[in-house]
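Below is one structure, written out as structure tokens, with a few remarks after it.
Protein chains get the first letters and strands the later ones, always in sequence-line order, with residue 1 at the start of each. Just so it is clear, the structure is predicted and the values come from calculations on it, not from any experiment.
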Amino acid sequence: MTAPLDSVRVLELTDESADYCGRLLAGLGADVVKVEPPDGAPSRHIGPFLDDEPGPDRSLCFWADNVGKRSMVVHDDAEVVALCGAADLLVHTLRPAQAEARGLGFAALHELAPSLVVCAVTPFGSDGPWADYLADDLVLMALGGSMAACGYGPGADGVYDTPPLASHGDQAWRTASTYAAIAVLGALAWRSQSGAGQLIDVSAHECSASMTEWHLMTYLCSGGVHRRGPHPTLTASDGRQVAALNPDFLGPHVFAGMLEMLEREGVAGPLSDPAFADPVHRAANYREVWRALKRLAEKHDGETLYELGQGAGLPWGVIRSPEEVLEDRHLRARDHFVELEHPELGRSVVYSGAPFLAHASPWVMDRRPPLLGEHTAEVRAQWSQR
Amino acid sequence: MALEGLRILDFTRLGFGAQATLICGCLGAEVIRVESTRFPDAIRVMPPFVPEPGERGEAFGAATLANATGAPSPNRGGIFYKYNTGGKKSITVDARHPKGLAVLKDLVAHSDVVTESFAAGTLDRWGLSYEVMRQIRPDIIYVSMCGFGHEGPDTNHVTMGPTAQALTGLTFMVGLPDRPPAGWSFSYLDHVGGYLGAIAVLAGAIHRGRTGEGQHIDVSQLEPATALSGALLLDAVLNNRPSRRPGFPTGNRREHPPAGPSGAYRALGDDKWVVVSCRTQDQWEALVEAMGRPRWAADPRFATVAGRVQHADNLDAHLQAWTSERDRYDVMDMLQRAGVPAGAVQDAADRLERDPQLAARGHYTMLGNTEVEPLPLEGVPFRMSATPPHTGGVLHRGPPCLGEDNEAVLGEVLGMSADDIAALDADGALS
């Protein structure tokens with residue numbers, strides 16, 4: 001078995017905004033070499049750090065998005081350009097003027113290596129009135145529309161007294177990185193037919209702006225906009241929250257399964273009245289449905305409540321913190337989480353693994369994040385010949 | 001276009017799966033959506049509806065499948081238009097009709113990829129399992145997309161985006177300290193799952209190009225999510241700092257890298273906000289300068305980023321007093337010109353009506369169809385110099401009306417005559 005991108009050489013010159021792109025490509029089997037300055041790529045200096053001790057080889061921010069890559073320290077841009085001649089793909093986070101100044105403008109690279117695919121991931125893309133504006137993930141989550149739709153609802157007086165909220169985890173950067181990987185795969189597929197490289201121009205702002213589901217359509221259809229407010233949740237006996245979407249959303253048949261479970265649990269109360277079989281009556285008396293669900297929630301811890309709901313065909317999910325996901329039996333059965341040895345630490349570390357199961361071309365997850373410059377000599381020797 | 005010549009037989013529904021094939025279509029793949037007239041994609045018949053010219057439609061709030069019976073037509077469902085650009089074609093085939101199933105099998109023989117997003121086991125029940133498909137076409141690439149995937153103990157679990165978001169830590173990561181999580185009010189994972197579905201199609205196609213081998217790729221909505229928490233998982237496991245701890249999540253504040261001020265601040269108007277985020281000392285000094293060097297900013301507690309983080313509540317109150325008297329776009333432009341990262345909190349209306357960058361980048365493409373006037377629709381948010389993607393796919397067309405390509409697809413792909421097609425239709429196989 002070979003991986004889809006086996007022996008595809010990727011040169012990566014990214015900051016924390018697009019490290020995740022290379023991680024995805026490494027999972028598909030590419031040989032991703034991170035080109036770093038002597039003091040390391042920017043993400044090596046972002047915490048948290050192992051045991052809270054800073055150091056380029058101790059950044060967990062770096063580890064999370066650089067697993068599967070090799071690292072090479074390069075002192076001057078001429079060598080980066082030379083490496084481009086031996087690569088299939090360059091992923092960078094340089095704005096056009098920065099790329100030009102470093103000899104990495106597309107025109108020059110294309111002349112040097114006509115089959116090289118170059119992918120530039122920048123906050124706003126290569127042109128437009130905001131092209132030179134600065135952004136971090138928070139700024140992009142604001143401009144893209146996620147924040148406007150995330151946060152707590154208004155108080156009793158109808159006034160929103162808390163701000164719009166952005167998720168942790170740099171979701172705008174991750175979306176841009178993922179789209180960059182998609183574009184790269186498209187370019188590589190086309191190159192396998194045509195032999196030609198090209199320039200991919202990814203605007204993280206545009207990526208962030210296209211991930212708010214049907215909000216644009218709501219505006220186009222009705223003139224209304226989505227405001228923020230959480231989905232309904234039940235609080236279980238252990239204080240955990242369970243996302244408990246309105247079951248009628250999936251159609252009226254769902255109520256029958258829910259009622260059976262609530263009766264079995266002895267909390268159905270008035271819902272056993274046949275009048276509740278009518279969705280119109282149910283919608284008008286939804287408070288009674290919710291009260292029964294709250295009675296159920298008081299009896300069980302969050303994980304049990306989740307299983308009870310799912311057993312009754314309800315689209316419920318217990319709200320877990322990221323580390324609590326490790327215990328999910330389904331993901332464990334799919335061997336999702338992967339332990340990688342960090343020999344210099346004498347221990348292994350658990351990482352999230354394959355985003356899908358591809359049996360003929362399994363996700364590659366066998367290399368811990370690289371130490372700074374760990375593969376400099378190795379890559380220089382290997383990439384000097386094709 | 002990058003994927004020109006790749007034919008995808010597409011059984012996806014709703015958001016998650018359809019996001020994947022819209023990407024493929026925008027990259028040039030030929031996407032043939034298969035639905036039936038009795039069971040059209042639910043988002044064709046759910047509000048909000050694209051209004052007739054001059055009318056205003058109903059907002060999403062009341063949407064359920066139960067009340068969808070009042071849909072004006074299967075071609076005006078607004079959500080359908082979000083997820084079915086890419087020049088997708090639409091055919092109607094009844095898989096439960098023997099002749100309908102035969103048509104689908106013929107189409108499998110002429111396709112490179114089959115995509116679907118039903119509950120696990122649905123295609124098997126139709127008689128169109130992966131085993132059957134690979135007998136018809138040994139190198140078929142079959143990409144299934146469903147909440148829990150097709151393998152594992154919980155494949156029968158029912159999920160929608162918010163369910164998967166709860167289970168994978170995403171909901172947890174949005175909230176203010178010491179309150180229940182606020183989570184995402186929309187299905188972010190329908191997008192992320194769809195992106196990984198598109199990657200699965202692309203990886204499958206590249207793998208087949210190299211080896212000649214097809215495969216079943218099993219995409220769930222859970223697995224694409226676990227990497228989205230970044231370093232939080234590692235911090236919990238290695239540093240014994242679980243995310244479920246007092247004070248976390250921290251709203252819009254980020255501990256790594258330290259930044260201050262950093263957050264969303266009230267601007268002039270009803271519930272209008274602007275984000276300001278200073279990571280460097282230079283950015284802070286530029287902010288102070290842009291504000292006209294107010295006296296509070298000279299407070300020695302704010303002299304360093306560590307001090308600004310430590311006294312963030314106080315700092316934020318001062319900054320918000322300044323922003324709240326100003327328009328959010330004015331603040332953004334003024335600060336950006338000074339070298340300070342800042343951005344208006346925009347909703348969908350702002351993105352369409354006010355955002356000059358999206359307009360300049362050609363983010364929206366006007367596309368309609370025989371029933372709907374052209375609308376500004378979205379495709380893929382990147383450019384490619386040699387193989388430009390198009391929101392309307394190879395043929396530059398809008399999202400398809402239900403069954404509008406029956407004759408064209410069955411004629412051009414399967415070589416059927418108009419009489420053959422009419423006979424199939426009369427038999428009920430194309431309903």
Practice task
Please report the closest heavy-atom contact between B:Ala349 and A:Tyr219, naming both atoms and the distance.
Solution key: CB-CE1, 3.5 Å

Problem - chain A contact via B:Arg208 - side chain, backbone, both or neither, heavy atoms under 4.5 Å - result: neither

Problem - B:Lys82 side chain vs A:Ser210 backbone, donor-acceptor pair below 3.5 Å - result: yes

Exercise for the section: Flag the one option from A:Ile46, A:Leu188, A:Val318, A:Thr178 with the top tally of heavy-atom pairs under 4.5 Å to chain B. Expected result: A:Val318

Problem - Exercise: do B:His191 and A:Glu213 side chains pair donor with acceptor under 3.5 Å - result: no

Fill in the blank from the handout: Bottom line for B:Ala342: the part with an atom under 4.5 Å from chain A's heavy atoms is backbone

Problem - Which portion of A:Tyr20 sits near chain B, non-hydrogen atoms under 4.5 angstrom - result: side chain

Practice task
Select one option (side chain, backbone, both, neither) describing which atoms of B:Tyr83 are under 4.5 Å from chain A's heavy atoms.
Solution key: side chain

Practice task
Look at A:Asp51, A:Val202, A:Leu28 and state which one has the largest set of heavy-atom pairs under 4.5 Å with chain B.
Solution key: A:Asp51

Fill in the blank from the handout: Greatest number of non-hydrogen atom pairs under 4.5 angstrom with chain B, of A:Gly169, A:Ser59, A:Ala64, falls to A:Ala64

Handout entry: Under 4.5 Å from a heavy atom of chain A, the part of B:Pro258 involved
Key = neither

Handout entry: Part of B:Leu167 within contact of chain A (heavy atom distance under 4.5 Å)
Key = both

Problem - chain A contact via B:Ile23 - which portion, at a heavy-atom distance below 4.5 Å - result: side chain

Handout entry: Side chain, backbone, both or neither of A:Leu5 within contact of chain B (heavy atoms, under 4.5 Å)
Key = both

Exercise for the section: Please state whether the side chain, the backbone, both or neither of A:Ala204 comes within less than 4.5 Å of a heavy atom of chain B. Expected result: neither

Problem - Engaged part of B:Gln165 at the chain A interface, taking heavy atoms whose separation is under 4.5 Å - result: neither

Practice task
Look at B:Arg254 together with A:Glu16 and state whether they make a salt bridge at an N to O cut-off of under 4.0 Å.
Solution key: no

Completion exercise
Assert top hit (heavy-atom pairs under 4.5 Å, partner chain B, pool A:Leu357, A:Val325, A:Val225) equals A:Leu357

Problem - Region of B:Arg351 that comes under 4.5 Å of a non-hydrogen atom in chain A - result: side chain

Handout entry: Residue part contacting chain B, namely of A:Thr162, when any heavy atom lies under 4.5 Å
Key = both

Handout entry: chain A contact via B:Val340 - side chain, backbone, both or neither, heavy atoms under 4.5 Å
Key = backbone

Practice task
Flag the pair B:Leu222 / B:Thr226 as yes when at least one side-chain heavy-atom distance between them is below 4.5 Å, and no otherwise.
Solution key: no

Exercise for the section: Could you list the residues that satisfy side-chain hydrogen bond (donor to acceptor under 3.5 Å, both in side chains) with B:Trp273, not counting sequence neighbours? Expected result: B:Asp271

Problem - Proximal component of B:His216, with respect to chain A [non-hydrogen, under 4.5 Å] - result: backbone

Exercise for the section: Look at B:Arg361 together with A:Asp201 and state whether they make a salt bridge at an N to O cut-off of under 4.0 Å. Expected result: yes

Exercise for the section: Counting only heavy atoms closer than 4.5 Å, note whether B:Thr387 contacts chain A via side chain, backbone, both or neither. Expected result: both

Exercise for the section: Given ring-ring contact (aromatic ring centres under 6.0 Å, His included), test B:Phe186 with A:His226 step by step and report yes or no. Expected result: CA-CA 9 Å; B:Phe186 57 94; A:His226 287 259; 8.6 Å; no

Handout entry: salt_bridge(A:Asp65, A:Arg174) N-O dist < 4.0 Å
Key = yes

Practice task
Please answer whether the main-chain N or O of B:Leu358 pairs with a side-chain N or O of A:Glu206 as donor and acceptor at a distance below 3.5 Å.
Solution key: no

Handout entry: Note: B:Arg241-A:Asp52 ion pair, threshold 4.0 Å (strictly below)
Key = yes

Problem - Most contacts with chain B, counted as non-hydrogen pairs under 4.5 angstrom, among A:Gly353, A:Gly125, A:Ala3, A:Cys119 - result: A:Gly125

Exercise for the section: Select one option (side chain, backbone, both, neither) describing which atoms of B:Asp350 are under 4.5 Å from chain A's heavy atoms. Expected result: neither

Handout entry: Option in A:Leu50, A:Leu165, A:Ile200 with maximal non-hydrogen atom pairs under 4.5 Å from chain B
Key = A:Leu165

Exercise for the section: State whether the side chain of B:Tyr188 and the backbone N or O of B:Ser185 hold a donor-acceptor pair below 3.5 Å, judged by distance alone. Expected result: no

Exercise for the section: Sort B:Asn239 into side chain, backbone, both or neither according to what part of it lies under 4.5 angstrom from a heavy atom of chain A. Expected result: side chain

Handout entry: Structural part of A:Arg282 lying under 4.5 Å from a heavy atom of chain B
Key = neither

Identify every side-chain donor-acceptor pair in residues 146-154 of chain A under 3.5 Å, counting partners at least two apart or on other chains, and give the distances.
| residue | atom | partner | partner atom | Å |
| --- | --- | --- | --- | --- |
| A:Tyr152 | OH | B:Leu176 | N | 3.1 |
| A:Tyr152 | OH | B:Pro180 | O | 2.6 |

Handout entry: Contacting region of B:Leu228 [heavy-atom separation from chain A under 4.5 Å]
Key = both

Exercise for the section: Compute the centroid of each ring, for B:Phe248 and then for A:His168, and state whether the two points are separated by less than 6.0 Å. Expected result: yes

Problem - Full working for side chain to side chain contact (heavy atoms under 4.5 Å, CB included) between A:Met217 and B:Leu377 - result: CA-CA 9 Å; A:Met217 292 310 306; B:Leu377 299 178; 3.8 Å; yes

